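Have a look at the structure below before the remarks.
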Amino acid sequence: MGAKYIPEPFRIKMVETIKMLTREERKQKIAEAKYNMFNLRGEDVYIDLLTDSGTNAMSQEQWAGVIRGDEAYAGGSSYFKLVEAAQDIFGYKYIQPVHQGRAAEKVMFGILLGQDKYSISNTHFDTTRAHVEATGARAIDCVVEVAKDPAKRAPFKGNMDVEKLESLIKEYGDNKVGLVVMTITNNSAGGQPVSVQNVRETAAICKNHGIKLCIDAARYAENAYFVKEREEGYSDKSIKEIVKEMFGYADMFTMSAKKDTIVNMGGLIGVKDDEKLFQACKERTILFEGFITYGGLSGRDLESLAIGLYEGLDENYLKYRIGQMKYLASRLDEAGITYQSPVGGHGVFVDAKAMLPQIPFYEFPAQALAIELYIEAGIRSCDIGSYMMGNDPDTGKQIKSEFEFTRLAIPRRVYTQSHFDVMADALISIKERASEIHGYRITWEPAVLRHFQASLEPVEI
Ligand SMILES: *Cc1c(COP(=O)(O)O)cnc(C)c1O
């Protein structure tokens, strides 16, 4: 039995027309884009699943907040509204807005990391890894083994491997590990949740070794919904209670607010109680982002963010949101298409290695599948695999990713059930002709975060 689509807990008040291209036109557009999804124009895409980041539909309350936004340079009311909302939800004393998640990383990591240091995470997201490396430190991933088998179902495949964490800290030495980062949900492992118990255990290890624990908090609400659904002892707790408990174990958080807070731009830093650390954050915020009471954002952004923090916690909304993933996943189950399962919080991560076994990792199977999805149905997705991983900073050699996922990331409150059927139908027809699909090679790449800008071409067969 397939999963039922959970009806939207809202209705549509404003619409945005989307252009429909022919298959031939799409083939031409993707070639012109050098087979890089980021080079496509948004208007040439029918269903845009490149990311769930900043692509969300705001509510009428948030839009009303845009009008109310206080644009004072210092001490605007929207700033105080945001700080109070975040203090209430996360229980942290200090809150700093910044313009997006990587700005929070830049501010925070520069204080705690540097040459010869390590950051250990369940999995560093790509910008997180890049900001760790930009300080001169090394980023080490330490996810549970079960996460590496997409077909194997487990409730918390985003978890930190705590035994391995302990042994890595012993190997590097307490004073060399500048930071432990807990990414919730674990984006690169497929939007997989982390249990409260795992955060508690990780925090205990960090405390023993005097290392700070930072939550990479982009999808705090979706993670809490999974905890409520799956973790023993949490079914009667509210989403807000679960969020507060989880954050209570960590020392600070960096957050891309472009995800679960349902806005188009924004980020946050939270520090539980370390006044000295927060003072350093404020200084670096002024240096990189602007004065502390706006942090690189407009007053209207702060206002809609304050409202979105609460809307993201609404349980009816989260049930519908996670329900969309389950619906698409169940259609893929029926077709025998494998993905990181059970499905995660913000998208479906299709196992391109399983669908295109003829393409080796250095010819980027997940990128090849993303290109086919665009040609097939105008769907823009992206590679979360070897193409995104890039080259080893020490050897310059292509890294072989644990996963070759094509990620269909779902914007919040944007697409309807019929769009989800288009996604499923496209994947099913690609599967039928999978053996004819070839890989790609890079013809040009920049030094860091290459997947955003690189040029590719088809490998001749
Ligand atoms: C999106 C994201 C980031 C980076 O945030 P931006 O707002 O894109 O700069 C960091 N970590 C995780 C887990 C993310 O999903």
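These numbers come from the heavy atoms of this one structure, side chains and all, not from hydrogens, waters or symmetry mates. Being a predicted model, the structure only gives us computed values, none of them experimental. Start at 1 with the first residue, then count along the sequence.
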Legend entry - Interatomic spacing from CD1 in Ile399 to CD in Glu402 - rounded to 0.5 Å: 11.0 Å
Legend entry - Asp383 with Arg407: basic N within carboxylate O range, under 4.0 Å: no
Legend entry - Pair Asp44 + Lys19: basic N to acidic O under 4.0 Å: yes
Inset, instruction - State, with a plain yes or no, whether a side-chain heavy atom of Met37 is found less than 4.5 Å away from one of Ser381. - result: no
Legend entry - Donor-acceptor pair between Glu376 and Ser429 side chains, under 3.5 angstrom: yes
Legend entry - Polar contact flag, side-chain donor to acceptor under 3.5 angstrom, Tyr294-Asp70: no
Inset, instruction - Kindly assign one of parallel, tilted or perpendicular to the pair Tyr440 and His438, based on the angle between their ring planes and the thresholds 30° and 60°. - result: tilted
Inset, instruction - Could you point out which residue of Asp161, Asn122, Ile120, Val162 forms a side chain to side chain contact (heavy atoms under 4.5 Å, CB included) with Thr202? - result: Val162
Legend entry - Parallel, tilted or perpendicular, as decided by the 30° and 60° cut-offs, for the rings of Phe253 and Tyr92: tilted
Legend entry - Residues Lys228, Asp236: salt bridge by 4.0 Å N-O rule: no
Inset, instruction - For the pair Lys81 (side chain) and Glu303 (backbone), establish whether a donor and an acceptor sit closer than 3.5 Å, ignoring hydrogens and angles. - result: no
Legend entry - ring-ring contact (aromatic ring centres under 6.0 Å, His included) pairs, two or more places apart, involving residues 353-380: Phe364-Tyr387
Legend entry - Close side-chain approach of His124 and Asp141, heavy atoms under 4.5 Å: yes
Inset, instruction - State the OG-CD distance between Ser238 and Glu241, to the nearest 0.5 angstrom. - result: 3.5 Å
Legend entry - Heavy-atom pair of closest approach, residues Gln62 and Thr261: NE2-O, 3.6 Å
Inset, instruction - Count the heavy atoms of every other residue, nucleotide or ligand shown that sit under 6.0 Å from CZ of Arg413, and state whether that count exceeds 12. - result: yes
Legend entry - Check ion pair Arg380-Asp48 (N to O, under 4.0 angstrom): yes
Inset, instruction - Look up atom OG1 in Thr406 and atom CG in Leu427, then write down how far apart they are to the nearest 0.5 Å. - result: 8.5 Å
Legend entry - Close side-chain approach of Glu8 and Thr416, heavy atoms under 4.5 Å: yes
Inset, instruction - Inspect the surroundings of NZ in Lys148 and state if more than 12 heavy atoms from other residues, nucleotides or ligands are less than 6.0 Å away. - result: yes
Legend entry - Rounded distance (nearest 0.5 Å) linking atom CZ of Phe349 with atom CG of Leu408: 9.5 Å
Inset, instruction - Inspect the contact between Glu445 and Arg450 and indicate whether a charged nitrogen and a carboxylate oxygen are less than 4.0 angstrom apart. - result: yes
Legend entry - Check against side chain to side chain donor-acceptor pair (under 3.5 Å), Thr123 and Ser121: CA-CA 5 Å; Thr123 312; Ser121 173; 5.9 Å; no
Legend entry - Arg41 atom CZ, neighbour heavy-atom count above 12 within 6.0 Å: no
Legend entry - Least distance between heavy atoms, Gln398 atom then Gly390 atom: NE2-O, 3.4 Å
Legend entry - Pair Glu71-Ser298, side-chain contact (heavy atoms from CB on, under 4.5 Å): steps then yes or no: CA-CA 6 Å; Glu71 304 299 342; Ser298 301; 3.7 Å; yes
Inset, instruction - Grab the two heavy atoms, one from Ile239 and one from Ala224, that are nearest each other, plus how far apart they are. - result: CG2-CB, 3.8 Å
Legend entry - Pairing of Asp421 and Arg331 as salt bridge, 4.0 angstrom limit: yes
Inset, instruction - Would you mind checking if Lys259 and Asp52 are paired as a salt bridge, meaning a charged N to carboxylate O distance below 4.0 Å? - result: no
Legend entry - Atom pair CD/CD1 of Gln367 and Ile442 - distance to nearest 0.5 Å: 9.0 Å
Legend entry - 4.5 Å side-chain heavy-atom contact, Asn223 and Met246: yes
Inset, instruction - For side-chain contact (heavy atoms from CB on, under 4.5 Å), just list the numbers for Leu318 and Glu222, CA-CA rounded to whole Å, side-chain angles, deciding distance to a tenth of an Å, and then say yes or no. - result: CA-CA 7 Å; Leu318 286 167; Glu222 289 167 8; 4.1 Å; yes
Inset, instruction - Inspect the surroundings of CD in Glu229 and state if more than 12 heavy atoms from other residues, nucleotides or ligands are less than 6.0 Å away. - result: yes
Legend entry - Aromatic ring pairing His419/Tyr415, orientation class (parallel under 30°, perpendicular over 60°, tilted between): perpendicular
Legend entry - Salt-bridge criterion met for Glu245 and Arg200 (N-O under 4.0 Å): yes
Legend entry - Spacing of CE belonging to Met58 relative to CG belonging to Leu305, to within rounding of 0.5 Å: 10.0 Å
Inset, instruction - Apply side chain to side chain donor-acceptor pair (under 3.5 Å) to the pair His346 and Asp260, showing each step before the final yes or no. - result: CA-CA 9 Å; His346 67 288; Asp260 275 7; over 6 Å; no
Legend entry - SB check Arg441 Glu363 (cutoff 4.0 Å): no
Legend entry - Within 6.0 Å of CH2 in Trp63, more than 12 heavy atoms from elsewhere: no
Legend entry - Shortest non-hydrogen contact between Asn56 and Val263, atoms and distance: ND2-O, 3.4 Å
Inset, instruction - Flag the pair Glu372 and Arg433 as a salt bridge only when some basic side-chain nitrogen lies within less than 4.0 angstrom of an acidic carboxylate oxygen. - result: yes
Legend entry - Heavy-atom side-chain proximity of Tyr320 to Gln324 below 4.5 angstrom: yes
Inset, instruction - Before accepting this row, confirm whether a basic side-chain N of the pair Glu315/Lys319 lies closer than 4.0 Å to the acidic partner's carboxylate O. - result: no
Legend entry - Worked verdict on Gln28 versus Glu24 for side chain to side chain donor-acceptor pair (under 3.5 Å): CA-CA 6 Å; Gln28 194 188 331; Glu24 279 316 305; over 6 Å; no
Inset, instruction - Check whether NZ of the Lys or CZ of the Arg Lys237 lies under 6.0 Å from the centre of the six-membered ring of Tyr234 and within 45 degrees of that ring's axis. - result: yes
Inset, instruction - For atom CD of Glu232, decide whether the heavy atoms of other residues, nucleotides or ligands shown that lie under 6.0 angstrom number more than 12. - result: no
Legend entry - Heavy-atom donor-acceptor pair, Ser330 side chain to Ala3 backbone, under 3.5 Å: yes
Legend entry - Evaluation steps, side chain to side chain donor-acceptor pair (under 3.5 Å), between Glu105 and Thr127: CA-CA 8 Å; Glu105 292 162 359; Thr127 63; 3.2 Å; yes
Legend entry - Donor-acceptor pair between His451 and Asn36 side chains, under 3.5 angstrom: no
Legend entry - Student check: side-chain heavy atoms of Ile30 and Tyr35 closer than 4.5 Å: yes
Inset, instruction - Answer yes or no: is there a donor N or O on one side and an acceptor on the other, between the side chain of Thr185 and the main chain of Asn187, under 3.5 Å? - result: no
Inset, instruction - Kindly check if the number of other-residue, nucleotide or ligand heavy atoms within 6.0 Å of NZ (Lys326) is above 12? - result: yes
Legend entry - Pair Asp88 + Lys240, salt bridge at N-O below 4.0 Å: yes
Inset, instruction - Could you label the plane-to-plane angle of the Phe452 and Phe38 rings as parallel, tilted or perpendicular, counting under 30° as parallel and over 60° as perpendicular? - result: perpendicular
